[in-house]
Amino acid sequence: MESRYEPEGVESKWQMRWQADGLFKVKEDISRDKYYLLEMFPYPSGKIHMGHVRNYTIGDVVARYKRMQGKNVIHPMGWDAFGLPAENAAIEHGIHPAKWTYDNISAMKRQLKRMGFSYDWDRELATCDPSYYRWEQLFFLEMYERGLAYKKRTHVNWCDKCQTVLANEQVEDGRCWRHSDQEVTIKEMDSWFLRITRYADEMLEFCERLPGWPERVLTMQKNWIGKSYGALIRFPMVEPDEVIEVFTTRQDTVFGATFLCLAPEHPLVTKLIKGLPEEREVLAFVDRTLKMDRFMRTSDFTEKEGIFSGSYCLNPMTRDKIPIYIANFVLFDYGTGAIMAVPTHDQRDFEFARKYGLPLRVVIQPEGQVLDVDNMTEAYVGEGVLVNSGPFDGKRNTEAMEEIADYLKSEVLGEKTVNYRLRDWGISRQRYWGAPIPIVYCDKCGTVPVPKDKLPVVLPLDLQVRPNGGSPLPFEPSFCMTYCPRCGGPARRETDTMDTFVESSWYFDRYACPDYDKGPLDPEKVSYWMPVDQYIGGIEHAILHLLYSRFFTRVLSDLGYLKVREPFTNLLTQGMVCKEIESCPIHGYLYPHEAREGTCSRCGSKVVVGASLKMSKSKKNVVDPQDLIDRYGADTVRMFCLFASPPERDLEWNDKGVEGSFRFLHRLWRLVWDSRDKLAGTFPCEKDGSEYLPALHRKTHQTIKKVTEDIENRFHFNTAIAAVMELVNEINRVLEDKDSLRAGEWLVIREAVAMAVILLSPVVPHICDELWETLGNDGCLLSVPWPSVDEAALKEEKRVVVLQVNGKVRSRIEVPASLGEEEIKELALADPRLRQFIADKTVKKTVVVQKKLVNVVV
RNA sequence: GCGAGAGUGGCGGAAUUGGUAGACGCGCUGGACUUAGGAUCCAGUGGCCUAAAGCUGUGGGGGUUCGAGUCCCCCCUCUCGCACCA
């Protein structure tokens, strides 16, 4: 050990030691409790950003803590290696996506190792490796056999920048989730889907059985699945002989349905208007609506518009002839793409009816009020008694709900049904850098799955991405020209690849057995390790990745590969790392070096400090963790990201704060160095010192308690670190008269120092191992059991009791802890300062809070 | 609009069950050591007041309570989610 704290040397020394000892390798051991700790694996973008550092540091602390608690901890890491940025880099820099990806992986792996994270690198996997995605292709085929994967021609979301289709979950506010400036357009094309809707109900139900998940993530998932109960009602047309099905949650109002609206995409639209005089006009309206992007179309600000189709149908209950409209607010992919409109009891329908002069019919009368069609200014959406509703007149609408549904069923006019907002997961991507979909198209046999023994369908690596960003696969004869597995005739391969979210939906299972080659998952290993006990990652995956993973887990369970239904028992969603960014009115956001003394270095405009941007999303002005590691070392960086705020909160980056953490580690180092002769000695030290320095002894055990609880119960590392800082401050105070300390006192100090080092070791493992060695111990702290609290040490002989008059603090007294309520009260009332405040006023009441406080009411 | 969360010093944040508001750290101020310091150490640091005493103070207003950052009601602001879902 050197007298000066030089992080680089310490960190490389211990990282080498850990690696040489294979400290992080882990094996199944049924005699021990397993603990699966997982952080969301990164996309190998080039280098790690502060978001990664924060995420992985949080995970590493928990992993190390659980290890010290005696758990058999699996803590793996890998690479979400397929995806678009690799292709973009290929276009921009002429590097093959594979080379770019693997280069990035090795660079980032070096950085993660430099951070000292305790990963079992033997389990590392990259999803772009055929030995990984071959199993995904197998899953696809087995899903295809069971109807869980299917192909359909439909309206899909298209991002022009990505040159590909996006799943509904990947569209945010009508824009691409990767390109917030790119509006998504709707295209009609053939696409492969995974039938996630089959599990909608189960996933919804299980939201109630995930107490270890944040409430808001569960709420988001529930909303996304969007289950609603209602009825399917068939409206027969007058001519031609067609039936229009609508979905409604308000079948109680069916007698009030005075018109019907179709989505512009509805297949009936073209049929109905063919040859009518209005055809042109209607088509123009449809065309105009479909050109609008979905976000605009469904926005609150967009005017509700419609047009008469020229046709009528019958209200199945009243047998009235009612007009059919085409309306911009009706969504084709929700319900049946058609709605019955009840203007009296639905505000949107009301406005639409008033706008186009359509009839109204009141079917619910509220209590003590009579609605009149002519005087209504808004729809009545509350409860009431049914009127104008034939046999149901006089019944409460809420009670008639069920009866009307039954009636519809008995008259074959409809039935009760449940509708979900969730759509099937579109996984086709017209991209190169992804896992090929193992399907062949034969002119004779049609769609033919690749036989399982012919897997993997390997993505050819000798292709160039096309300059416009398109996939080269459809143009590569050696890939797409093949033979039909069924008839042997010439056939064409599917050239779409799978959404990369498919890879990330099961990687955590594969970590249990990354090299297994007899199947996707080694049953014994995966049943030992799964489910993940603690998953940690960003809130941005609240729906996307987390929903897909829950779906996939169920599929793999039904296919017999897994025993669990839920992949992640506990979920911690960490906040974003943000930084206030200076921006120039002309050049936009600036890098730190572009803003000098409040002006833009390029144009001299006054710089505005304002927007706080997420570091993981913006390229500009990010704090590069590598710079910090180079300057302060990994331990300081680890410590600061934890100390700055609790994990679930967003972290506003502040460069100055890092120095504080560095200084603290420095102080800790010097504390050990300066007294190394007195402090050295194996641990635990003999318990003879308990009568010496009782305050420090107590503080030591209070700290153990606090740190353990903070990590165990709530992952609040910031307060855990603060508690150790307090202990270190206390030790330094005691050491002020270092020369007069007796041997017994040194024992207490030794224990205090040892505890500070042990308690901090999950956070700053390198420096702690070094200090541990200096303190005369062998080995690494990861193998030292987590300390337990000596309850006896927590007992205090004296306590400070706060004295209040009318709730205001007026004095403090120190009393023996053994005193009873009455005695404390007496002592309190005898306190001169308190007496001064009571003076001549009458004491009305005295409240004593045991060992804490006395409040005198006058 | 609906739902959830939040609002505490100059800043990040503590206060876990109603009981000493501001732990811990940053920054700042003063001092020590020093050729020097943006290194280190010591002291101070919510506001008002020269200081002490005192008063005041957790977005604003009201309430419950001996006692409220914490509980209840109303309002304001911010963040997130949902938002024509039939």
Side-chain angles (χ1 to χ4, degrees), chain A residues 4 214-217 219-224 226-228 230-231 233 246-251 253 257 260-261 263 297-304 327-331 333-342 346-349 351-352 419-421 539 542-543 575-576 612 639-640 643-646 648-661 663-664 666-667 670 706 709-710 713-714 716 718-729 732 736 800-812 836 844-858:
Chain A
R4 244 186 91 78
E215 196 53 49
R216 71 176 177 136
V217 174
T219 307
M220 283 163 75
Q221 295 220 345
K222 284 186 233 170
N223 286 341
W224 189 263
K227 182 178 187 175
S228 48
I233 306 180
V246 306
F247 170 71
T248 179
T249 54
R250 290 297 305 273
Q251 65 268 24
T253 63
L260 205 131
C261 291
R297 196 176 133 194
T298 58
S299 140
D300 228 358
F301 306 106
T302 305
E303 179 92 8
K304 288 156 195 59
N328 63 350
F329 61 84
V330 180
L331 304 172
D333 59 5
Y334 184 80
T336 60
I339 62 160
M340 66 175 205
V342 184
D346 179 283
Q347 186 56 26
R348 186 193 51 204
D349 296 346
E351 285 164 25
F352 195 86
N419 193 60
Y420 296 92
R421 208 184 83 114
I539 185 75
I543 294 173
M576 310 262 185
S612 183
M639 179 165 166
F640 179 67
F643 183 59
S645 83
E648 64 287 358
R649 208 180 297 194
D650 283 351
L651 170 55
E652 186 67 43
W653 188 262
N654 175 340
D655 295 319
K656 284 287 167 52
V658 192
E659 303 229 5
S661 296
R663 275 204 289 266
F664 170 76
H666 218 106
R667 262 204 315 279
R670 243 195 355 263
K706 170 83 177 149
E709 286 172 356
D710 279 349
N713 303 342
R714 44 177 213 167
H716 277 204
N718 55 331
T719 48
I721 293 169
V724 180
M725 285 175 164
E726 279 186 65
L727 176 63
V728 170
N729 291 346
N732 274 323
E736 273 170 29
V800 173
V801 173
V802 171
L803 305 185
Q804 298 180 328
V805 177
N806 290 345
K808 282 182 183 158
V809 181
R810 295 303 183 183
S811 183
R812 291 181 173 84
Q836 200 184 313
K844 273 198 222 155
K845 191 175 176 185
T846 309
V847 182
V848 180
V849 179
Q850 195 58 38
K851 289 174 197 166
K852 247 185 189 167
L853 162 150
V854 177
N855 188 14
V856 181
V857 188
V858 297

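In the text below, chain A, chain B and the rest are named by the order of the sequence lines, each starting its count at 1. It should be emphasised that the depicted structure is a prediction, and the values quoted were computed from it without experimental measurement.
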Notebook entry, point to check: If you check the Thr249(A) side chain, which of C82(B), A86(B), C24(B) turns out closest?
Noted result: A86(B)

Notebook entry, point to check: Taking the side chain of Gln804(A) as its heavy atoms from C-beta onward, which of U20(B), U40(B), A83(B) lies nearest to it?
Noted result: U20(B)

Notebook entry, point to check: Nearest of C24(B), C66(B), A14(B) to any side-chain atom of Phe643(A)?
Noted result: C24(B)

Next item on the list: For Thr248(A), answer base if it contacts any base atom (sugar-phosphate contacts may also be present), sugar-phosphate if it contacts only those atoms, and nothing otherwise; contact means non-hydrogen atoms under 4.0 Å.
Entry: sugar-phosphate

Next item on the list: Measure from the side chain of Tyr334(A), starting at C-beta and using heavy atoms only, and say which of C85(B), G19(B), G12(B) lies closest.
Entry: C85(B)

Next item on the list: May I ask you to verify whether the side chain of Asn855(A) and the base of C66(B) hold a donor-acceptor pair under 3.5 Å?
Entry: yes

Checklist line | Spacing of Arg649(A) atom CZ relative to U8(B) atom C1', expressed in whole Å | finding: 11 Å

Next item on the list: Check every atom of C85(B), G81(B), A21(B) against the side chain of Leu331(A) and return the nucleotide holding the closest atom.
Entry: C85(B)

Margin query: Students often get this wrong, so: under 4.0 angstrom with heavy atoms, is Gly226(A) touching a base, only sugar-phosphate, or nothing?
Written below: nothing

Item checked: Under 3.5 Å donor-acceptor pair, Lys706(A) side-chain atoms to U16(B) base atoms -> yes

Next item on the list: Consider the side chain of Arg810(A), meaning its heavy atoms from C-beta on, and name the nucleotide among C24(B), C55(B), G27(B) that approaches it most closely.
Entry: C55(B)

Note to self: Using a heavy-atom cut-off of 4.0 Å across all strands, would you classify Asn419(A) as base, sugar-phosphate, or nothing?
What the structure shows: nothing

Check: Among the nucleotides C80(B), G13(B), C24(B), which one has an atom lying closest to any side-chain atom of Arg216(A)?
Finding: C80(B)

Notebook entry, point to check: Which one, C82(B), U56(B), U20(B), comes nearest to the side chain of Val809(A)?
Noted result: U20(B)

Notebook entry, point to check: With syn defined as a glycosidic torsion within 90 degrees of 0 and anti otherwise, which applies to G9(B)?
Noted result: syn

Next item on the list: If G5(B) has a Watson-Crick or G-U wobble mate with both distances under 3.5 Å, name it; if not, just say none.
Entry: C78(B)

Check: Any sub-3.5 Å donor-acceptor pair from Asn855(A)'s side-chain atoms to Gly807(A)'s backbone N or O?
Finding: yes

Next item on the list: Output the single nucleotide from G13(B), U40(B), C82(B) whose closest atom is nearest the side chain of Arg670(A).
Entry: U40(B)

Next item on the list: Please figure out whether Asn806(A) or Lys656(A) has its closest RNA chain B nucleotide nearer the 5' end.
Entry: Lys656(A)

Checklist line | All ring-ring contact (aromatic ring centres under 6.0 Å, His included) counterparts of Phe643(A), not counting sequence neighbours | finding: none

Notebook entry, point to check: Just checking Val847(A): base, sugar-phosphate only, or nothing, at a heavy-atom cut-off of under 4.0 Å?
Noted result: base

Note to self: Does the structure show a Watson-Crick or G-U wobble partner for G44(B), both distances under 3.5 Å? Name it, or say none.
What the structure shows: C28(B)

